[in-house]
Amino acid sequence: MLVKNKRYKTIWLDDDERVKIIDQRYLPHKFIIETISTTKDMAKAIKDMHLRGAGLIGAAAGYGVYLSAQENLSRKISVEKYKDYLLKDAEMLKKTRPTAVNLEYALKRQINNINTTGSKEELIKKIRQEAIDIAREDELSCKKIGEYGSKIIEEISRKKDGKVVNILTHCNAGWLAFVDYGTATSPIYEAYRKGIKVHVWVDETRPRNQGARLTAWELGNHGIDHTIIADNVGGYLMQKGMVDMVIVGSDRTTFTGDVANKIGTYLKALAAYDNQVPFYSALPSSTIDWEIRDGVNEIPIEERGGEEVKYIQGWLDGEVKKVLLTPKKSKAKNYAFDVTPSKYITGIITEKGVCSADEKSIKKMFDK
Ligand code: MRU
């Protein structure tokens, strides 16, 4: 997508076969490209959120295994030992963040290559291609989500006689969270491209403020009208008829339609339900967990350090700085995701089309 009118993706291989990423910790203030050369550094980049977002985490894990395949190639070891090193590194990557299922999805594909390929040379080639494929599929799925989702926006616009469609989103399920296009934002970009008038309410999304920092930056780069709101404002806006629809992303979706997304999503879904505002989750099928039925009780929820709640980060004197917001000794809890039960979800927007958030419709959509 566009940064100062130049096209970027969030992750790519450079000419030296190293992985380049946009370091999101500095956005929106500084645009920094980071080179990742080792699997260990990739694991750190995922855990410490240099990069983030379900689809991008999956793509990064795919490339992380490729870095491991390169690093271990110079060792004078048998192919079995070589595979052991790669599997160990895959395990290290898996431990970085628990909620987004894309991480497991990408690693399963790479582990399958490790377990089924003969020589080291053949293996490294396969792993490289798989990493590229995972990233490419993510990008194409997001593009398709945009095409299907924009039709819903178009329909609302038609019902409003072409007046502005107000869309509320939470966190950043934009192109920065995937390889390109995004999920929640992709229908918005596509609707805007088609000339539909849109305005986006951007939840700030405490504690890391992915909405205020990243979604607002993305939308601004594309010239899309948007307004940042504090996390508590959405309910009020819905009561006043100022939201036409909600679109959020998903980090893990059960085959029954429950959606795990950034903490606070559930409260927006409740407000939307109470005010008859359509609530959609846009997601590629790589976020569907086909083994989990009950999202609230079975999806692992990441708990991050309380420091993220107690300190706030911003731009001062040309630098990103952190300041303490709370009494120094107060405890803080930092649950990073919550689960919205399917009954509050109007529909899911996927690369295959839009369907109801229920087992029958989801299985039908994906031929399961
Ligand atoms: O903790 P993050 O920033 O990796 O959170 C994940 C997300 O980006 C959001 O939950 C998003 O809305 C889901 S779609 C990637």
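Numbering of ligands and ligand atoms starts at 1, following listing order. For the numbers below, each heavy atom of this structure counts, side chains included, while hydrogens, waters and symmetry mates do not.
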Exercise. Yes or no on side-chain hydrogen bond (donor to acceptor under 3.5 Å, both in side chains) for Glu137 and Ser286, after CA distance, side-chain angles and deciding distance?
Worked result: CA-CA 9 Å; Glu137 286 163 27; Ser286 54; over 6 Å; no

Exercise. Just by modelled atom types, is the Leu103 backbone N or O under 3.5 Å from a matching donor or acceptor in the Lys94 side chain?
Worked result: no

Exercise. In the protein, what heavy atom is nearest to atom 6 (C) of ligand 1, and what distance, to one decimal place, separates them?
Worked result: Asp251 OD1, 3.0 Å

For this session: Could you tell me the residue and atom name of the protein heavy atom closest to atom 15 (C) of ligand 1, and the distance to it rounded to 0.1 Å?
Result: Ala54 N, 3.1 Å

Exercise. Between Asn221 and Glu218, do the side chains contain an N or O donor and an N or O acceptor separated by less than 3.5 Å?
Worked result: no

Exercise. Which of the atoms in ligand 1, numbered in the order shown and given with their element, are less than 4.0 Å from a heavy-atom of Phe337?
Worked result: 1 (O), 5 (O), 6 (C), 10 (O)

Problem set entry | Shortest protein heavy-atom distance from atom 13 (C) of ligand 1, along with the residue and atom involved | Asn261 OD1, 2.9 Å

For this session: Specify the protein heavy atom at minimum distance from atom 8 (O) of ligand 1: its residue, its atom name, and the distance to 0.1 Å.
Result: Arg52 NH2, 2.6 Å

Exercise. Non-hydrogen atoms of Arg97 versus ligand 1: any pair closer than 4.0 Å?
Worked result: yes

Problem set entry | Lys194 NZ: over 12 foreign heavy atoms closer than 6.0 Å | yes

Problem set entry | ligand 1 to Ser250 polar contact by distance, N or O atoms, under 3.5 Å | no

Exercise. So is Lys262 polar-close to ligand 1, meaning N/O to N/O under 3.5 Å?
Worked result: yes

For this session: Could you list the atoms of ligand 1 found under 4.0 angstrom from a heavy atom of Ala177?
Result: 15 (C)

Problem set entry | Arg7 and Asp180: CA distance, side-chain angles, deciding distance, side chain to side chain contact (heavy atoms under 4.5 Å, CB included) verdict | CA-CA 10 Å; Arg7 273 202 76 103; Asp180 207 346; 3.1 Å; yes

Seminar exercise, completed: The atoms of ligand 1 lying under 4.0 Å from a heavy atom of Ala173, numbered in the order shown, are 12 (O), 14 (S)

Problem set entry | Sub-4.0 Å heavy-atom approach of Met49 to ligand 1 | yes

Exercise. Near Gln210, which atoms of ligand 1 are under 4.0 Å from a heavy atom of that residue?
Worked result: 1 (O), 2 (P), 3 (O)

For this session: Show the numbers, then the answer: is there a side chain to side chain contact (heavy atoms under 4.5 Å, CB included) between Lys159 and Asp244?
Result: CA-CA 11 Å; Lys159 283 190 185 145; Asp244 296 303; over 6 Å; no

Exercise. Is Asp14 paired with Lys20 through a side-chain N to carboxylate O contact shorter than 4.0 Å?
Worked result: yes

Seminar exercise, completed: Taken in chain and number order and not counting sequence neighbours, the residues that satisfy side-chain hydrogen bond (donor to acceptor under 3.5 Å, both in side chains) with Arg213 are none

For this session: Would you check whether Asn172 reaches within less than 4.0 Å of ligand 1, judged by its heavy atoms?
Result: yes

Problem set entry | Contacting atoms of ligand 1, where contact means under 4.0 angstrom from a heavy atom of Gly53 | 4 (O), 8 (O), 15 (C)

Problem set entry | Sub-3.5 Å N/O-N/O distance, Phe178 and ligand 1 | no

Problem set entry | Under 3.5 Å: donor-acceptor pair, side chain of Gln313, backbone of Arg25 | yes

For this session: Check the pair Thr185 / His222 against side chain to side chain contact (heavy atoms under 4.5 Å, CB included), numbers first and verdict last.
Result: CA-CA 11 Å; Thr185 53; His222 285 262; over 6 Å; no

